[in-house]
Amino acid sequence: MNVPSSILATTSATSHGGRAGGKVVLDEGGLWFHMEHDKGLGGGGQGCTPEDFFALGYSACFNSALLFVASQQKIDAAKATVTAEVGIGRTAENKFALTVTLKVHMPGVDAAKAKELAEAAHQVCPYSSATRGNVPVTLEVI
């Protein structure tokens with residue numbers, strides 16, 4: 001298990017009402033979201049879902065990891081983008097589970113090098129560390 005030896009930053013949020021018409025608020029204030037089931041889960045799709053937030057966080061974190069590993073090799077990856085597609089569905093045991101596809105686009109970097117950098121970023125990204133062995137994550141270099 002990856003356990004930090006020291007905590008550098010923390011954040012917290014509080015949910016009221018869950019997915020079905022609830023509200024989630026950052027405890028520091030200033031930011032809140034209306035929650036709603038996705039249409040695929042029987043909701044109206046007019047609010048946010050936990051998977052939305054997971055996709056936002058994972059894409060930003062992975063992009064930072066990609067920039068880090070590229071800089072270690074003196075490669076300019078400033079134009080790189082990462083799209084995180086988070087899926088939710090039922091397992092054979094009828095439990096809910098997540099999947100993630102990370103689509104990495106690195107203009108100006110050849111495909112083989114971009115794939116190498118994406119795989120290296122996958123080793124250092126905290127979201128990748130948290131999901132490894134728990135959530136299937138697919139890397140696609142586009």
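For Ala80 against Asn63, the heavy-atom pair with the smallest separation is O-ND2, 3.3 Å. The two atoms that bring Val109 and Ala114 nearest to each other are CG1-N, 3.7 Å, heavy atoms only. The minimum heavy-atom distance linking Ala70 with Leu117 is given by the pair CA-CD2, 3.9 Å. Nearest heavy-atom pair across Ala65 and Cys125 is CB-CB, 3.8 Å. Between Met35 and Gly18 the shortest heavy-atom distance is CB-O, 3.4 Å. In plain terms, the two heavy atoms of Gly44 and Lys39 that are nearest each other are O-CE, 3.3 Å.
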Residues Glu28, Ser12; criterion side chain to side chain contact (heavy atoms under 4.5 Å, CB included); working and verdict: CA-CA 8 Å; Glu28 304 84 51; Ser12 62; 4.1 Å; yes

Mind running side chain to side chain contact (heavy atoms under 4.5 Å, CB included) on Val86 and Thr99 for me, showing each step along the way? CA-CA 6 Å; Val86 176; Thr99 63; over 6 Å; no

Is there a side chain to side chain contact (heavy atoms under 4.5 Å, CB included) between Leu102 and Tyr58? Walk through the geometry before answering. CA-CA 9 Å; Leu102 297 172; Tyr58 206 160; 3.8 Å; yes

Please assess Gln73 against Glu116 for the test side chain to side chain contact (heavy atoms under 4.5 Å, CB included), listing each intermediate value before the final yes or no. CA-CA 11 Å; Gln73 295 186 32; Glu116 175 188 315; 3.5 Å; yes

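Distance CZ/Phe33 to CZ/Phe53: 4.5 Å, rounded to 0.5 Å. In this structure, Thr83 OG1 and Ile142 CD1 are separated by 6.0 Å, a value rounded to the nearest 0.5 Å. Atom CG of Leu66 is separated from atom SG of Cys61 by 11.5 Å, given to the nearest 0.5 angstrom. Rounded to the nearest 0.5 Å, atoms OG1 (Thr91) and CZ (Phe96) are 9.5 Å apart. To the nearest 0.5 Å, atom CG of residue Asp27 and atom OG1 of residue Thr14 are 3.5 Å apart. One distance of note links NE2 of His34 with CD of Gln46; it measures 8.0 Å at 0.5 Å rounding.
Formation of a donor-acceptor pair under 3.5 Å by the Thr131 side chain with backbone atoms of Val135 is not found in this model. Using modelled atom types, no side-chain atom of Asp38 and backbone atom of Leu41 make a donor-acceptor pair closer than 3.5 Å. Checked by atom type and distance alone, the side chain of His37 never pairs as donor or acceptor with a backbone atom of Gly42 at under 3.5 Å.
For the side-chain contact (heavy atoms from CB on, under 4.5 Å) test with Phe62, the passing option among Val124, Leu139, Val137 is Leu139; the others fail.
A donor-acceptor contact closer than 3.5 angstrom links the side chains of His122 and Ser128.
Neither Ile88 nor Val24 shares a network with the other; the hydrophobic side chains, linked directly or stepwise wherever heavy atoms of I, L, V, M, F, W or Y lie under 4.5 Å apart, form separate groups for each. Grouping the Ile, Leu, Val, Met, Phe, Trp and Tyr side chains by contacts below 4.5 angstrom, directly or via other members, places Ile75 apart from Leu67.
Counting non-hydrogen atoms of neighbouring residues, nucleotides and ligands closer than 6.0 angstrom, the CZ atom of Phe68 reaches no more than 12 such neighbours.
Residue pairs meeting the side chain to side chain donor-acceptor pair (under 3.5 Å) criterion with at least one member in residues 132-141, sequence neighbours excluded, do not occur.
Here Ile7 sits alone; no ILVMFWY side chain lies under 4.5 Å from its own, so it joins no hydrophobic cluster.
Between Glu51 and Arg19 there is a salt bridge, with a side-chain nitrogen of the basic residue lying less than 4.0 Å from a carboxylate oxygen of the acidic one.
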